[in-house]
Structure formats: structure tokens, C-alpha cells
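Working notes, structure below.
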Amino acid sequence: MALRGDLRSALPDATAAVVVTALVFALLWARMESGESDTVAVMPFMDDPGTYWMYLLSQAFGWSGLLWAWGTVMLGLLLSGPRPARLPVSRQVLERWHRTTSLTTMALMFAHALMFAAELVRYETKVDWAERLWIGFADSFVPGWYDSGTGRIAIPLGQGALYLAIPLGLLFYVRHRIGANTWRRLHRFVIVVYVLSVWHTLLYGTNVWYGEWPRTALWLLQLPVAALLLLRLLRPARRAERLGSPSGGAARPGWWVRAAGRVLAGAVVIGLVIVVMSGRDGGRDRPTHPPATAPHSQETD
């Protein structure tokens, strides 16, 4: 079975992801202990890594998940766009890397949400265990349930990314049943998963909360993705996806949709350059007196 084989091939990739997650976790722990954590600047009550270690682990899984998502999207765009004259490895190896990094990304995204749920269960100390488990599950996995602050928008975005990533990533293994063309059309929406993930991070990632260099670096990393996407649209590997002319046999509505996609991708590239160069990246100003409110009010009845 193809999925079983890819799961075995993904073991080294998943091991690397666990190592990266552990390193990020250690860094976040050290910054929280030293008082340099941006998370503590946003939520000062979270100044004890021993208490909030599950939240830190959720953050670590989130950052490694975003890194792996970036890598798998870059591989996918490289494979579906104009083929370079020389590649360090064969196309078959790149395709396998794309599949295994996709599987690892899904696992990291789920672990990110699961540890966030675990932290909420730990936090809700004034209700019984059944209700604590329900609150943690609902706030983390039920769209629209979380009702606190920026999370009312950011968390549904992250949930949308997770719930799209799993079926879109696994459809490859049933493409012989749904048809290759159907699979290709659906697989294009993977870029939506990535956009939702980055959007979720920019809105809710306390480590990039303020308009400082970490946030700018996150924006900067999106430039190669947008550039490869534009190149893939302008010069797709498959002849059937090339734009051609509106009178060249292609249906006019389809031609205009493809043309609009190329214009939109070009606008995104320009927009990203402007954001990075200007420093106007939507970051908040670091407050003189940080807020002292909890991220989620405890249930008392």
C-alpha cells in the first residue's frame, strides 16, 4: 500500500521534526525563564514555564508544523512548475519528500492543536473533569467555540487549515478511485491550507505578536512561496494548464479565471515586497504596561 510505504519513509522526516520541535521548546522555555519571552509580554501571568509547559509545547509544535508546511509547499510548487535543468536529486525523490513532509506536517498540526487542548484542560480547574475535557476539546477543535480575544478569528483559521490539510493530503492515496484530474484539481487547494496556517500564526502567534524582526522574518519567508506560485502559474509543467489565448479553444470563463489567478499571484508578490521593505506588517506596538488578563476565562458554573 502506497500510504504504508510513505509512512515508513516518513520516519526519518518525522524524527527530524521531533528534534526541531524539542529545540524550539527548549528555546521558548529558556526565554520564558529569562523574562525575554514575547508570550509573557503579551500574557504576564504566563511567567512560569513549569506550569505552562503544555502551552510552550503547543507553540513548539506549531512552529515546526509551519516550517514543515513551508517546505512541503515549496517542494510541491517546484514539482508542478517549470522543471529546473539540474536537480540535486531525482524527481522521484523530490516527490517522495513532498509526500512524506506532507504527512509529517499533518501530524505536527494535530499535535499543536492537541497540546493547546491539553493546556486548556489543565487551566480549567474550577469544573469537573468531564467538563474540563469538553472545554479543551471544543475550544481547540470545534470552529467558532473559542470566544476569547483574537482567538475568535485566529483559532477557526487554524482549525480550517487542519481540517483541509488531512483530506487534501490523503487524497493522493485514493487518486486511482477519484481520478487523476479530480485529484489534481482538489490538490491545488493545499495552498489555501498554507495561507490559513500563516494567517493563524500572524494573528495568534505571540512570538510574532509585535511589529519587530521575528514578524518581518515570517513575512519574508512567504516571498519565495509567492514567487514560486507565480512562476508555477505562468509556466506550469503540464501543457493543459498553460494560459494560451482566450480564443485558442479554451473556454472563456476558464481562461479568465486562470488569468485572474496569475494577476492575483503577481499582486501578492508585490504586496509582500512592500510589507517587508516598509516594515508595515500588521504587528502591534509593544505596550509600556503589558496586559494582565488570562487568555481564556475560567468556567465557574
Side-chain angles (χ1 to χ4, degrees), residues 2-4 6-7 10 13-14 17-18 21 54-55 57-77 80 98-121 132-175 177-179 182-206 208 218 222 225 229 261 268 295-296:
L3 178 57
R4 189 177 302 169
D6 280 349
L7 286 172
D13 183 72
V18 170
T21 301
M54 286 185 287
Y55 188 85
L57 188 54
S58 174
Q59 285 187 319
F61 275 121
W63 281 111
S64 56
L66 189 61
L67 176 62
W68 254 254
W70 184 89
T72 197
V73 166
M74 291 287 286
L75 285 170
L77 291 172
S80 60
H98 178 50
R99 296 195 304 271
T100 57
T101 52
S102 296
L103 293 172
T104 302
T105 300
M106 286 186 276
L108 291 170
M109 292 172 71
F110 181 76
H112 169 60
L114 186 64
M115 292 311 302
F116 184 74
E119 171 56 34
L120 293 178
V121 171
R132 291 168 72 174
L133 290 170
W134 165 248
I135 290 169
F137 169 79
D139 280 348
S140 303
F141 293 100
V142 178
W145 196 274
Y146 193 93
D147 60 357
S148 177
T150 310
R152 287 175 292 183
I153 299 173
I155 288 182
L157 291 174
Q159 291 164 339
L162 175 63
Y163 297 149
L164 280 173
I166 294 173
L168 289 176
L170 296 179
L171 276 176
F172 171 82
Y173 302 100
V174 295
R175 68 193 186 286
R177 295 184 180 180
I178 64 175
T182 299
W183 170 74
R184 288 191 190 95
R185 292 190 186 98
L186 292 173
H187 193 67
R188 293 169 186 167
F189 288 95
V190 167
I191 195 67
V192 176
V193 174
Y194 182 71
V195 170
L196 290 174
S197 300
V198 174
W199 194 359
H200 166 77
T201 304
L202 288 169
L203 281 177
Y204 212 56
T206 50
V208 291
L218 179 59
Q222 310 321 310
V225 175
L229 175 61
V268 169
H296 178 75

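This chain uses plain numbering: 1 for the first residue, then up along the sequence.
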Heavy-atom side-chain proximity of Val198 to Tyr194 below 4.5 angstrom: yes
From CD1 (Ile155) to CZ (Phe116), nearest 0.5 Å: 4.0 Å
Note, Leu229 side chain near Val73 side chain (heavy atom, < 4.5 Å): no
Residues, nucleotides or ligands: over 12 heavy atoms within 6.0 Å of Trp199 CH2: no
Aromatic plane relationship, Trp145 with Trp134 - under 30° parallel, 30 to 60° tilted, over 60° perpendicular: perpendicular
Within-4.5 Å side-chain heavy-atom neighbours: Phe141 and Leu162: yes
Shortest non-hydrogen separation from Leu120 to Ser140 and the atoms involved: CD1-OG, 3.9 Å
Audit row: Val121, Met54, side chain to side chain contact (heavy atoms under 4.5 Å, CB included) steps and yes/no: CA-CA 10 Å; Val121 171; Met54 286 185 287; over 6 Å; no
Spacing of Ser80 atom OG and Arg188 atom CZ [to the nearest 0.5 Å]: 9.5 Å
Donor-acceptor contact below 3.5 Å, side chain Glu119 vs main chain Met115: no
Close side-chain approach of Trp63 to Thr201, heavy-atom, < 4.5 Å: yes
Option among Thr105, Thr101, Thr72, Thr104 that satisfies the side chain to side chain donor-acceptor pair (under 3.5 Å) test with Asp13: Thr104
Non-hydrogen side-chain atoms of Val192 and Leu168 separated by less than 4.5 Å: no
Atom pair OG1/NE2 of Thr150 and His200 - distance to nearest 0.5 Å: 11.5 Å
Ile153 atom CD1, over 12 foreign heavy atoms within 6.0 Å: no
Gln59 vs Thr206, side chain to side chain contact (heavy atoms under 4.5 Å, CB included): CA-CA, chis, key distance, verdict: CA-CA 9 Å; Gln59 285 187 319; Thr206 50; 2.9 Å; yes
Minimal non-hydrogen separation, Met109 against Val193, with atom names: CE-CG1, 4.4 Å
Aromatic ring pairing Tyr146/Tyr204, orientation class (parallel under 30°, perpendicular over 60°, tilted between): perpendicular
Distance, nearest 0.5 Å, that separates NE2 of His98 from CG of Asp6: 11.0 Å
From OG (Ser197) to CG (Leu202), nearest 0.5 Å: 11.0 Å
Intermediate values then yes/no, side chain to side chain contact (heavy atoms under 4.5 Å, CB included), Val142 and Asp139: CA-CA 6 Å; Val142 178; Asp139 280 348; over 6 Å; no
N/O donor-acceptor pair under 3.5 Å between Arg175 side chain and Phe172 backbone: yes
Check against side chain to side chain contact (heavy atoms under 4.5 Å, CB included), Leu164 and Phe189: CA-CA 8 Å; Leu164 280 173; Phe189 288 95; over 6 Å; no
Distance (rounded to the nearest 0.5 Å) between Thr21 OG1 and Leu108 CG: 5.5 Å
Minimal non-hydrogen separation, Gly144 against Pro156, with atom names: N-CG, 4.0 Å
